[in-house]
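Quick note on labels: first sequence line is chain A, next is B, and so on, each numbered from 1. On a predicted model such as this, the values are computed, not experimentally measured, just so you know. In what follows, every heavy atom counts, from backbone to side chain, and hydrogens, waters and symmetry copies are set aside.
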Amino acid sequence: MDTISVADARKAEAVGKAVRLRGWVRTRRDSKGGFSFVELNDGSCQGNVQVVAPGELPNYEAVVKHLHTGASIAVEGEVKASPAKGQATEVLASKLELVGDADAEAYPLQKKGHSFEFLRTIAHLRPRTNTFGAVARLRHRASKTIHDFFDERGFFYVHTPVITASDCEGAGALFRVSTIDPDSPPKAEGKVDYTKDFFGRPAYLTVSGQLQVEGFACALGKVYTFGPTFRAENSNTPRHLAEFWMIEPEMAFYDLSDNMDLAEAFLKRIIADSLDKCGEDLKFFAERVDKEIIGRLEGVRDKPFLRVSYTEAVDILAKSGKTWEFPVAWGNDLQSEHERFLTEQHFKSPVILYDYPRTLKPFYMRVNDDGRTVRAMDVLVPGVGEIIGGSQREERLDVLEGRMREQGLDPHAYDWYLDLRRYGTVPHSGFGLGLERTVLFLSGMANIRDVIPFPRTPGNAEF
RNA sequence: UCCCCGAUAGCUCAAUGGUAGAGCAACCGGCUGUUAACCGGUUUGUUGUAGGUUCGAGUCCUACUCGGGGAGCCA
């Protein structure tokens with residue numbers, strides 16, 4: 001007798017096999033005929049397998065009739081073609097063993113739907129729900145595709161450090177990493193003496209692996225990072241986390257146009273794989289979460305991404321006839337309302353905006369010949385907004401040092417980074433993709449806290 | 001961090017300043033294959049916390065906590 005997954009047991013090919021199944025009870029329905037239907041789920045797929053538990057089972061009255069949502073069971077029996085609608089197969093149990101009971105009075109999950117807000121308070125149990133099972137499988141699939149995509153194209157996966165001493169990477173507030181006793185820190189001249197700290201200097205959790213991975217791009221050619229990223233911003237929105245996962249490819253000899261080509265192919269591949277391999281989960285999202293999701297994904301997969309310069313975008317916004325809460329003028333940063341208008345209303349398509357004013361973007365982005373703009377790009381998608389941010393990097397030593405001073409940074413603090421320009425500098429480009437924003441886009445889920453297993457946000461590090 | 005809204009049974013929600021309720025869940029019973037099964041019955045409360053106004057507060061006021069939506073920061 002083989003132990004098989006619920007996913008396999010639901011396939012018509014399984015009919016006739018004697019099998020063992022193990023998982024958790026979703027619901028039990030007692031039939032008029034003196035037997036019970038038990039919906040069994042083991043997480044292998046969205047759907048449950050219907051176990052038919054005959055009244056003749058020796059533990060029928062004592063155990064089966066008291067099975068509740070959440071209990072774990074092991075079933076032995078034969079897979080049969082199901083005579084009723086709703087499923088191709090069912091399992092006629094010859095043995096049903098209770099592995100672990102779930103006290104029905106106390107177990108918080110019921111067979112009815114729960115609000116996502118409530119489920120967030122039981123994040124350790126919510127993967128047992130339809131929605132969070134689907135999110136977990138989709139997130140896995142996206143992660144797998146990301147590694148496949150880069151591997152197929154000759155990229156190398158580089159593990160950049162989680163702890164960094166660069167305290168001014170320009171990507172948001174940092175979490176400090178320290179072993180100093182906060183109640184009695186060592187002091188020098190009235191201030192905390194970080195030379196006595198673990199690393200002999202202030203250290204932080206990374207906000208980006210980009211600067212480090214540039215060093216590997218300028219050696220291995222095409223590389224990417226994929227790891228956790230930390231931002232200590234006090235952001236309270238459905239699109240921000242204090243701890244999230246980011247993918248950052250970096251390519252030597254790529255200009256901005258190559259970079260945009262890669263970003264577009266990359267997103268399309270993630271979407272295509274999700275549609276191909278997570279069909280049952282996406283169907284669930286379409287039924288319960290976002291009716292438009294599959295059509296929107298197919299649209300982004302099939303339509304070319306429009307490429308619009310910042311200057312053109314400002315022109316379109318200014319001539320739109322809309323009244324904006326934030327004024328549109330060349331040199332002002334584009335606000336959410338502007339980005340949303342462009343991708344959701346004006347173009348109704350994914351859009352790549354590029355060539356932003358130099359004053360709006362960090363020092364490492366390459367200055368254009370016009371002197372006013374830099375080779376930045378943002379990929380905007382309907383529903384989520386900015387999903388990718390990237391740029392061609394400034395490869396000219398003198399210009400890069402000038403940009404650092406322009407933004408009040410001391411070039412000496414980036415000496416190792418500048419070495420990449422001193423010795424064998426090359427044009428290169430890269431971008432960052434937020435994994436959770438990608439899963440938001442793929443699933444149609446509304447809140448980023450519901451697409452990461454255990455969300456960390458201001459005031460919340462539960463579980 | 002700013003603006004707006006909210007917090008009542010295990011869950012989702014009702015309740016003109018005047019005796020806190022329903023549906024679901026759970027429990028008991030019924031029902032010849034059910035599909036969030038169905039039908040009948042039973043149980044369930046420090047109305048987020050702390051103050052205040054009032055003869056009387058779930059309801060009005062203040063502060064705080066937590067949650068949601070929007071904005072900023074960004075991925």
(message) So, does A/Gln335 get its side chain near the phosphate of B/G72, meaning an N or O under 4.0 Å from OP1 or OP2?
(response) yes
(message) Less than 4.0 angstrom between a side-chain N/O of A/Lys85 and OP1 or OP2 of B/U34, yes or no?
(response) no
(request) For B/A37, give its Watson-Crick or G-U wobble partner with both distances under 3.5 Å, or none. (result) none
(request) Mind checking A/Ala84 for me? I need base, sugar-phosphate or nothing, with any heavy atom below 4.0 Å counting as a touch. (result) base
(message) For RNA chain B, which residues of residues 17-30 of chain A approach it to below 4.0 angstrom with any heavy atom?
(response) A/Thr27, A/Arg29, A/Asp30
(message) Between A/Asn447 and B/G67, is there a contact of a side-chain N or O with OP1 or OP2 at under 4.0 Å?
(response) no
(request) Could you pull out the closest heavy-atom pair between A/Asn259 and A/Tyr254, with the gap in Å? (result) N-CD2, 4.1 Å
(message) With a 4.0 Å cut-off on N to O distance, would you call A/Lys80 and A/Glu90 a salt bridge?
(response) no
(message) What's A/Pro108 touching, base or sugar-phosphate or nothing? Going by heavy atoms closer than 4.0 Å.
(response) nothing
(message) With a 3.5 Å limit on both atom pairs, tell me what B/A26 is paired to, counting Watson-Crick and G-U wobble, or say none.
(response) B/U42
(message) Classify A/Glu90 by what it touches in the nucleic acid, base, sugar-phosphate, or nothing, heavy-atom distance under 4.0 Å.
(response) base
(message) It should be established whether A/Ser115 places a side-chain nitrogen or oxygen under 4.0 Å from OP1 or OP2 of nucleotide B/U12.
(response) yes
(request) Could you check which of B/G72, B/G10, B/U35 has an atom nearest any side-chain atom of A/Thr237? (result) B/G72
(message) Applying a 4.0 Å non-hydrogen cut-off, can you work out what A/Ile388 is touching in the nucleic acid: base, sugar-phosphate, or nothing?
(response) sugar-phosphate
(request) Go through the N and O atoms of the side chain of A/Ser235 and the base of B/C74, and report whether any donor-acceptor pair is under 3.5 Å. (result) no
(message) If the cut-off is 4.0 Å, is A/His66 near the phosphate of B/C27, judged by side-chain N/O to OP1 or OP2?
(response) no
(request) Please state whether the phosphate of B/A75, meaning OP1 or OP2, lies under 4.0 angstrom from any side-chain nitrogen or oxygen of A/Thr229. (result) no
(request) Please determine if A/Arg126 and A/Asp450 form a salt bridge, counting it only when a charged side-chain N lies under 4.0 Å from a carboxylate O. (result) yes
(message) So, applying side-chain hydrogen bond (donor to acceptor under 3.5 Å, both in side chains) with A/Tyr224, which one of A/Glu248, A/Arg153, A/Glu250, A/His147 is it?
(response) A/His147
(request) Just compare B/C74, B/U35, B/A71 and give me whichever is closest to any side-chain atom of A/His240. (result) B/C74
(message) Using Watson-Crick or G-U wobble geometry with both distances under 3.5 Å, which nucleotide pairs with B/U62?
(response) B/A50
(message) If you assign A/Asn234 and A/Phe35 each to the RNA chain B nucleotide with the nearest heavy atom, which residue ends up on the more 5' nucleotide?
(response) A/Asn234
(request) Pick base, sugar-phosphate or nothing for A/Arg288, based on heavy-atom distances below 4.0 Å to the nucleic acid. (result) nothing
